[in-house]
Structure formats: structure tokens, C-alpha cells
Number of protein chains: 2
Amino acid sequence: MLGEKLKELRESKGLLQRQIAAELEVDTAYISKIESNEKPLSRIHLKKMAPLLGIEEEELLILWLADKLFDMAKEEVVGLKALEEAKKELGKILK
Amino acid sequence: MLGEKLKELRESKGLLQRQIAAELEVDTAYISKIESNEKPLSRIHLKKMAPLLGIEEEELLILWLADKLFDMAKEEVVGLKALEEAKKELGKILK
DNA sequence: TGATACTTGTCCGGTAAAGGTCAAATATAA
DNA sequence: TTATATTTGACCTTTACCGGACAAGTATCA
């Protein structure tokens, strides 16, 4: 999931939650919850966070969206099929 | 999208919105909006609707979920990549 | 011109989720 | 032990969405 990834990235950069929190101007508790998937990461925070964590915004965006899609799909037995169907559909309109 | 599909199915069965509405115990306006994707189809309504439309609930469920996934993914440029990533991830935990 | 089907706009109450904060509890390291 | 980092739980406010209803408008056809 996304939270773990964010934590990994942060730690690999030797950063403290406090420092991230400061940049985003929020409480460290909030960051902690994002890293434990208790609170979602908003797109705005994502944007601010990417450079701090040394990851391309687009790459993080893929992870972020994939995480949300995964979350939805896993709730249903037909999740995998639905993902395939959605992919097919999106492929169509993109061409 | 899902709404159009529901409408097709209904018409192919020669049913009126009024009849569907009666079964679901709602207003026809509400059905109309579902068919025009103005209101989402709830899982409960989906369940009731499937037999009326002569479609397997599971099949409708796939369409329904795929539609929601598609909707999310299409908002981002990286939507397709995210769908792939999500699929990969879900495949993993399913094995 | 009716009648019937459908659509569209507006409104509404309830619920849930987002986006936090704060205090207190825990871990960890010096 | 003390300081610093993180987690957890309770709470709060605001916003968004859901599931509808209702009235009025439009389309179609006999």
C-alpha cells in the first residue's frame, strides 16, 4: 500500500515525519496516519511530498491512483475482471 | 458507461422505467438519472435490477465496478498505468 | 389534443469522508 | 532517565455525496 511506500521513501532520505509535517504545515500525527493508511493522501499533499521524498510526481501519482483502484477492486470478488474491463475501456478512448 | 447499458437491457426486455421504478420502489425520475449516469447505481439497486433486466448479477457487478474504476482512472493522465499497476497488485494477493 | 413515457432542475435530510488537532501512550536511542 | 520520534485514540468542523422526492418540461404517438 501507499503508506508503507511513503515511509520507505522518507526513511531512505533520512527524513523525520516532523520535517515532512513542517513542509506540509500539518501535525506529525497526520503524517503518521497517512503512512499507516489511516488517512488518505490528498493530491495536494502528494504534489508537495514528491520532491521531498525524491520521487517524480508522476511516478508517485501512479502509485497513489493504483492504490485507490486496488482498494476499490479488492472489495469485490470480480475485482480483477473489472480492472481488466476498465483497462480495456480506457484503452479504447485513449486511442 | 453503465447507464446506457442499463437502458439497452431494459429496452431489450420491453420494460418501462415505470416498471423498474415500481420494483425498486422509487421515482421514475431516479431511474432516468441512473440511466443517464447522473446518479450512481447502488449495490442494492443493482441486485434488484439484475434479474429484471435478465442479466446475471455477477456480470452486472463487473460492469458496475469497471465503470467506477474507469471513472477514477480517466481523471489522470497516468490512469492506464495505474490500472495496470493495480491489476498486478491484486493478482498478487489473490494467488 | 390527450395520454403516456421520459427528462431535467431544484431541493433536502442523512451519512460519511476529508482533513485536521490535541493529548496521551509507546518506542527508541543516548 | 531523559529526550526525541512515532503512534493511537478521541474529537471536531466542514464538505461532498447519496438516495431520493417533486414539479415542470419535453418527446412521442395515437
Side-chain angles (χ1 to χ4, degrees), chain A residues 1-50 52-54 57 60-61 63-76, chain B residues 1-50 52-53 57 60-61 63-76 82:
Chain A
M1 305 253 317
L2 188 64
E4 290 81 346
K5 184 72 187 177
L6 294 172
K7 184 161 198 168
E8 274 173 37
L9 287 168
R10 177 176 59 79
E11 288 176 343
S12 81
K13 285 256 153 186
L15 292 169
L16 300 175
Q17 287 187 352
R18 208 188 63 235
Q19 298 176 275
I20 306 288
E23 290 290 330
L24 306 202
E25 297 175 286
V26 296
D27 199 328
T28 78
Y30 189 43
I31 302 297
S32 171
K33 284 171 190 180
I34 288 172
E35 286 185 354
S36 61
N37 304 302
E38 205 176 321
K39 295 284 180 179
L41 176 65
S42 73
R43 277 228 42 181
I44 289 172
H45 288 335
L46 183 156
K47 195 159 198 152
K48 289 186 184 171
M49 225 179 248
L52 302 176
L53 301 182
E57 187 187 331
L60 189 51
L61 192 52
L63 264 32
W64 174 81
L65 184 51
D67 199 67
K68 293 207 296 173
L69 294 167
F70 173 89
D71 250 37
M72 283 202 46
K74 71 160 195 255
E75 297 302 321
E76 305 285 349
Chain B
M1 304 256 317
L2 188 63
E4 290 81 348
K5 182 73 186 178
L6 294 172
K7 184 160 198 167
E8 274 173 38
L9 287 168
R10 176 176 61 79
E11 288 175 343
S12 81
K13 285 255 151 185
L15 293 168
L16 300 176
Q17 287 186 350
R18 184 170 32 87
Q19 298 176 275
I20 306 285
E23 291 289 331
L24 306 202
E25 296 173 286
V26 297
D27 199 327
T28 78
Y30 189 43
I31 303 297
S32 171
K33 283 172 188 180
I34 288 171
E35 287 184 352
S36 62
N37 304 301
E38 206 177 320
K39 294 283 182 180
L41 176 65
S42 74
R43 277 231 42 183
I44 289 172
H45 288 336
L46 182 155
K47 195 160 200 155
K48 290 187 184 170
M49 225 178 247
L52 302 176
L53 301 183
E57 187 187 331
L60 189 51
L61 192 52
L63 263 31
W64 173 81
L65 184 51
D67 199 67
K68 293 207 296 173
L69 293 167
F70 173 88
D71 249 36
M72 282 203 46
K74 71 161 195 255
E75 296 303 320
E76 304 285 349

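A note on names: the letters A, B, ... follow the listed sequences, proteins ahead of strands, and every chain is numbered from 1. Only a predicted model underlies this, so the values are computations on that prediction, with no experimental measurement involved.
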> Of the listed nucleotides (C:dG20, D:dA5, D:dG19), which one gets closest to any side-chain atom of B:Tyr30?
D:dG19
> State whether A:Gln17 places a side-chain N or O below 4.0 Å from either non-bridging phosphate oxygen (OP1 or OP2) of D:dT4.
no
> Among D:dG19, C:dT8, C:dA18, find the nucleotide with the atom closest to the side chain of B:Pro40.
D:dG19
> What is the distance, to the nearest angstrom, from the CG atom on B:Leu41 to the P atom on D:dG20?
11 Å
> Which one, C:dT7, D:dG19, C:dG20, comes nearest to the side chain of B:Lys7?
C:dT7
> Let me know the distance between CD1 of B:Ile31 and P of C:dC6, rounded to the nearest Å.
11 Å
> So, A:Glu76 and B:Arg43, do they make that salt bridge, N to O below 4.0 Å?
yes
> Rounded to whole angstrom units, what separation is found between the CG atom of A:Leu24 and the C1' atom of C:dT21?
15 Å
> Verify the contact: side-chain N or O of A:His45 to OP1 or OP2 of C:dG20, cut-off strictly under 4.0 Å; return yes or no.
yes
> Send over the distance from B:Ile44 CD1 to D:dG19 C1', rounded to a whole Å.
10 Å
> Once you round it to whole Å, what is the distance between P of C:dC12 and CG of B:Asp27?
17 Å
> Quick one: CD1 on B:Ile34 to CG on B:Leu2, what's the gap to the nearest 0.5 Å?
9.0 Å
> 5'-most contact on DNA chain C: A:Ala29 or B:Leu16, nearest heavy atom basis?
B:Leu16
> Measure the distance from NZ on A:Lys68 to C1' on C:dA18 and round it to the nearest whole Å.
12 Å
> Taking B:Leu41's backbone N and O only, do any of them form a donor-acceptor pair with B:Trp64's side chain (distance below 3.5 Å, no angle check)?
yes
> Quickly work out the B:Asn37 CG to C:dT8 P distance and round it to whole Å.
12 Å
> In whole angstroms, how far is the C1' atom of C:dA5 from the CD atom of B:Gln19?
11 Å
> Run B:Lys7 and B:Arg10 through side chain to side chain contact (heavy atoms under 4.5 Å, CB included) and show every step you take.
CA-CA 5 Å; B:Lys7 184 160 198 167; B:Arg10 176 176 61 79; 3.8 Å; yes
> Between the base of D:dG9 and the side chain of A:Lys33, is there any donor-acceptor pair under 3.5 Å?
yes
> Looking at the side chain of B:Ser32, which of C:dC6, C:dG19, D:dG20 is the nearest nucleotide?
C:dC6
> What is the nucleic acid contact for A:Ser42, judged by heavy atoms within less than 4.0 Å: base, sugar-phosphate only, or nothing?
sugar-phosphate
> Using a heavy-atom cut-off of under 4.0 Å over every strand shown, decide if B:Arg43 touches base, sugar-phosphate, or nothing.
nothing
> Within less than 4.0 Å of OP1 or OP2 of D:dA5, is there a side-chain N or O belonging to A:Arg10?
no
> From B:Ile44 CD1 over to B:Leu24 CG, what is the distance, rounded to the nearest 0.5 angstrom?
11.0 Å
